[in-house]
Each structure stands twice: as structure tokens, then as C-alpha cells.
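Here the structure is laid out as C-alpha cells; the discussion comes afterwards.
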Number of protein chains: 2
Amino acid sequence: MTQQVEAARRVPLSRDRVLAAAVELADEVGIEALSMRRLAQELGVVPMALYKHVANKEELLNGMVDAIVAEIDPAVRDAGWKRTVRLRVLSARRALLQHRWARRVLESRTNTTPAVLGYMDSFMGMFLAGGFSVNLTHHVMHALGSRMWGFTQELFDDPANENFSDMAPEAQAAMFREMAERYPNILKVATAASHDGGSVVGQGCDDQFEFEFALDLLLDGFERLHEQGWTSEKRADGAPRE
Amino acid sequence: MTQQVEAARRVPLSRDRVLAAAVELADEVGIEALSMRRLAQELGVVPMALYKHVANKEELLNGMVDAIVAEIDPAVRDAGWKRTVRLRVLSARRALLQHRWARRVLESRTNTTPAVLGYMDSFMGMFLAGGFSVNLTHHVMHALGSRMWGFTQELFDDPANENFSDMAPEAQAAMFREMAERYPNILKVATAASHDGGSVVGQGCDDQFEFEFALDLLLDGFERLHEQGWTSEKRADGAPRE
DNA sequence: GACGGTAGGTGTACGCAGTACACTTGTCAA
DNA sequence: TTGACAAGTGTACTGCGTACACCTACCGTC
């Protein structure tokens, strides 16, 4: 009887439910704390039960990535390639930023999933529809690289900075002096960037601005190449490289 | 007696020896197969012996990164910022390519090591010495991002492609047909890129060329901004963004 | 209504990981 | 000779992913 009640109360597992729970758990506790055991516990189930719905942990991670990719808005229509690409990337960025672990997982994936391929395919489609040659589209995709997903490798992830504000003032000062001596340029750049608030080193910068800055730099470059009919076939023409 | 002989034969461990062995082992078996136990075994020592020379595995990985960073050539002198930066990045690329695991480990580091900070500092120094404003240098560093290390997120890491050539011909054809239907743009771009050899999907592209293409695109963009005295302070001037 | 297949959940167990902690041993200065 | 200290050892713990055998509730078929 109590068993029946329990069974009735328990919503049966499904692949989607497992994936959704995994995404939620990763959001909460971070990707490194996401284990099959922990996830099972969260679902009120024994670890091995998960394996009826996902083949293994790799496949779980793939599914999680797919779930995030599905959150990216489709391409807008009739807006010109540049604007279309820009909006799409920023949409991807929004999706990935809501799940801080997604970047890491996406990059660590060794087997590309259909959803990822689909995104890449439609991404290339935006350039082709904009009149880009297949050749230029190819190089452009490489040049964008992971920026297609809306993220950049963060520079100042944490230069021993996380607990900087927790440190005693004199310790802060000492660290500051040491930085000034050993990494004068970093200090110069970082303090200039944070004049308007934030901590002393890094984090003072507006990530969104930095991202858009780089994105637009690339898009402008693409535009220029496109307009002048650039092709990699010309590369044997002897421009000096080393 | 035999103990003495053995003791004499055994070169004592040291942090450097541990790190060197770790780098070598990772080169051989890959980073995911590098465990403290395996490394200890390779050194003919019990696992816990390593902990007399590195605090823990994180610290071991940090040390390995530092070892690779030390392989990057110093900046050349008096060559102009653009050439200097270009050569430096390509040198970093060479170092990182010799250790395929290095990219992954570098990106996964959460505490920046002194060697990494040093590289970044000298990197900024190249722009500053070239007359770049502190402000522009800052944004330029962000725009470069991980390309500063000579790598890009690889696009076509392996679209189920690794064992493509091992597949039966008719299976290859079927896959080809499926790709054509579901990912027409990818197929178009990929086949165009590999017309001169390599497999059907990806891998046909010249990674070095792709990298330099993107790098030069960015450097040219930086140059243009530098010449026109660009500053992020101007960003409030109403250029439309969304 | 009995019955056998099947999907979904369980329990136990294995090997591997990182590493805490208490120990021996080898070396050298006093 | 001693005794401190650095280097290496042994044992053990916890947590991980997951193989494999098992149970059980539900289903359509007879």
C-alpha cells in the first residue's frame, strides 16, 4: 500500500527528466560536483537507474550541451548577414552565460552532437546567404572559432584575485607592490580598466563590451575581405609569412 | 648491500624531475591517462612520494603548464609591434603544439601561475612598446584571448569522423547522404576545404593557415584602430549596438 | 484470470582515482 | 654517537563510473 502510494507519487524517470535535472544541478553546484551518484540522489533514485536513460556520463554531458544549444534563438530573417550573425552570437552568449559550466563542457566534448552540428550548419548558412563564397565562409568560421558560441577565453579568470578583497589591507598593499614590480604592464592595464569600479586587478572590465568589441572587429574584417573578393587561393602569391 | 646499490642507482626525486616526467608521460599517454599513481610508477616510486615535491595534482598541472610556457621564445627586439607579436604567438603555438594536452590544461587552470602572468605581462608590453594606449592594449588583449597562446578552439575536432575512413564504403556513402540532407552547409564548406586531400569532412584544412589567417585579421584590425587613435571612451557616442 | 516479456529501478561489487596520516630510512651536522 | 630532518613507504579512506545479476510492476495475448 505505502509502496503503491510511493510509486504513484514518483514521476517515472525519462531521458529528458534526467537531462533537465543534470542541467539544474550543474547550475547549482558546478560541473565538477556533478556526479552520477549525486544526480541520482537528487532524483531520489539509485545511481544505476540513470543508466537506463543515458549510456554513460559522456552521453549525459552531450545531452546537457544539446539542451543548452536548444536555448539559442534561431537566426533572424532578412536582416543582412552581419546583423544576423551578430544577433545570433549574442543569443548564444546569453544562453551560455546562464549556465557557466556550459563553456567548459562544450569545449571538452570530443564527439560533436547533432545539435552542435546543426548550429554550425545554420551558422555557415548565414554567411553563404549573405553572398560569401564557400571558401571565405570556411576561413571565417575558423577565425570565429569558439566566439561563435559567444564566449572568449577569459584572460583574468582569477589572478589570485578571488579572495583579494578578503585580504588584510597591508597584505593587499604588499601584493600590489609585488605585482607592480613583477608584472608592471598587467598592473597598468588592469588598473586603467577598473578605474570605474570593481577590484584592483581584473573584473573591473565589462565582459560584454570586450566580447562585442572583438566580435565586431572580426565581423568588420570579414566584411572587408568579402567586399574585396578575398580567396585563400591567392595565398600562393608570395605574401611573406614566417 | 643490494639496498645500497639500489639506493645509489636511484636518482633522487625533485620537483623538476617530477614535472619533467609528468610532461613526458602526458605527451605519451595523454592527459586523461596521467594519474598520480601512474606517474609514480613511471618514476619507480610509490604514489605518496610525489607529494613530497608537489602539493597535489592541481599543483602538478600548474607546474606542467609553467614548463611549457618556459619553452616559448622571448620577444624579438626592434621588429615593430606587429611582427613581434606575430612571431611570439607563432612561437607559443609551436610550444603548445608539441604538447597536445597543454591547451586543455592551460584553459582549465583556475589559478594563474607566475609564468602565465609573466607571459601575459610581456605580451602587453609588446603593444605598449608599439605605442598602443593602455586602453587599447586592454581591449586588444581581450580580443586576442586564447589566441595569444597560439591556438583556436578547433571547429571540426571530430564530427564522428575519426573512424570514417575505417567504415565500409556503403556506410560512408550513407553517412555522406545523411550529412548532405541534414547539414548541407557544413558539407559544402568541408568538401570545398578538402578538395586537395584529407578526409571528406574536416581535417582537410590547413590548421596553420587558418590560425594565421585569423591572427592577421585581428592584428590588421588592431593596427587600424591604433592608427585612428581608437579609445573605448568614445563608446558612448551612440554607435548603434544591441 | 493466468502468463510471459519487457522496461525501469535496485543492490552489490570492482577497479581506479586523489590523498591523509603514521611509519621507516638514509644523510649529515654537532 | 646522536638526533634532526628530508625523502620515501604502507595502509587506508572516500568518492568516482559502471558491469552484472536481480527484482518488480505493467502490458498485451491467450
Side-chain angles (χ1 to χ4, degrees), chain A residues 1-23 25-26 28-65 101 104-105 108-111, chain B residues 1-23 25-26 28-65 101 104-105 108-111:
Chain A
M1 211 319 221
T2 54
Q3 280 185 344
Q4 265 190 359
V5 172
E6 203 180 312
R9 184 174 16 173
R10 166 136 72 215
V11 186
L13 243 46
S14 70
R15 186 180 156 89
D16 281 352
R17 233 164 69 74
V18 169
L19 291 180
V23 166
L25 185 57
E28 273 171 34
V29 302
I31 196 68
E32 59 302 314
L34 175 81
S35 69
M36 297 301 273
R37 295 169 127 96
R38 176 80 189 263
L39 177 57
Q41 189 183 330
E42 215 73 18
L43 285 161
V45 112
V46 101
M48 287 310 293
L50 301 178
Y51 288 86
K52 293 278 144 100
H53 301 98
V54 294
N56 49 42
K57 192 174 183 182
E58 274 297 288
E59 225 240 322
L60 175 78
L61 292 172
N62 283 339
M64 292 169 69
V65 166
W101 47 268
R104 209 192 272 289
V105 175
S108 74
R109 239 74 301 277
T110 169
N111 290 315
Chain B
M1 214 310 226
T2 54
Q3 280 185 343
Q4 266 191 359
V5 172
E6 203 181 312
R9 186 173 13 173
R10 166 137 71 214
V11 187
L13 243 45
S14 71
R15 186 180 156 89
D16 282 353
R17 233 162 71 72
V18 169
L19 291 179
V23 166
L25 185 56
E28 273 171 35
V29 302
I31 196 68
E32 58 304 311
L34 176 81
S35 69
M36 297 301 273
R37 295 170 127 95
R38 176 80 188 263
L39 177 57
Q41 189 183 331
E42 214 73 18
L43 285 162
V45 111
V46 102
M48 287 310 292
L50 302 177
Y51 288 85
K52 291 280 141 94
H53 301 99
V54 294
N56 49 42
K57 193 173 183 182
E58 273 299 288
E59 224 240 321
L60 175 79
L61 292 171
N62 283 339
M64 292 170 68
V65 166
W101 46 269
R104 208 193 274 288
V105 176
S108 74
R109 239 73 305 275
T110 169
N111 290 316

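Both backbone and side-chain heavy atoms feed into the values below; hydrogens, waters and symmetry mates do not. Computed from a predicted model, the values in this text were never measured in an experiment. Labels below follow one simple rule: chain letters A, B, ... track the order of the sequence lines, proteins then strands, and each chain is numbered from 1.
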Legend entry - Separation of C:dC16 C1' from B:Leu34 CG (nearest whole Å): 14 Å
Legend entry - Pair of N/O donor and acceptor under 3.5 Å linking D:dG15 base with A:Arg37 side chain: no
Legend entry - A:Ala49 side-chain proximity, nearest of C:dT19, C:dT10, D:dT9: C:dT10
Inset, instruction - Rounded to the nearest angstrom, tell me the gap between atom CG in A:Leu13 and atom P in D:dA25. - result: 17 Å
Inset, instruction - Figure out the NZ/C1' separation between B:Lys57 and C:dG18, and round it to whole Å. - result: 8 Å
Inset, instruction - Return the value, rounded to whole Å, for the distance between atom CD of B:Glu59 and atom C1' of C:dT19. - result: 14 Å
Legend entry - Atom pair distance, as rounded to whole Å: CG in B:Leu50 and P in C:dA17: 13 Å
Inset, instruction - Would you kindly give the CE-to-P distance between B:Met36 and D:dG8, to the nearest whole Å? - result: 14 Å
Legend entry - Between CE on residue A:Met64 and CG on residue A:Leu34, distance to nearest 0.5 Å: 5.0 Å
Inset, instruction - Inspect the contact between B:Glu32 and B:Arg104 and indicate whether a charged nitrogen and a carboxylate oxygen are less than 4.0 angstrom apart. - result: no
Inset, instruction - May I ask you to evaluate whether A:Lys52 reaches the phosphate of C:dG9, defined as a side-chain N or O under 4.0 Å from OP1 or OP2? - result: no
Inset, instruction - Could you tell me whether the phosphate oxygens of D:dG8, OP1 or OP2, come under 4.0 Å of any side-chain nitrogen or oxygen in B:His53? - result: yes
Legend entry - Side-chain heavy atoms of A:Leu50 within contact of A:Leu43, under 4.5 Å: yes
Inset, instruction - Could you check how far OH of B:Tyr51 sits from C1' of C:dC23, rounded to whole Å? - result: 18 Å
Inset, instruction - Look at the side chain of B:Ser35 and decide which nucleotide, out of C:dT19, D:dG10, C:dA17, has an atom nearest to it. - result: C:dA17
Legend entry - Rounded distance (nearest 0.5 Å) linking atom CE of A:Met48 with atom CZ of A:Arg37: 10.0 Å
Inset, instruction - To the nearest Å, give me how far apart CD (A:Glu32) and C1' (D:dC16) are. - result: 14 Å
Legend entry - Distance (rounded to the nearest 0.5 Å) between A:Asn56 CG and A:Met36 CE: 7.5 Å
Legend entry - Nucleotide nearest B:Met48 when distance is taken to its side chain, options C:dG11, C:dT19, C:dG8: C:dT19
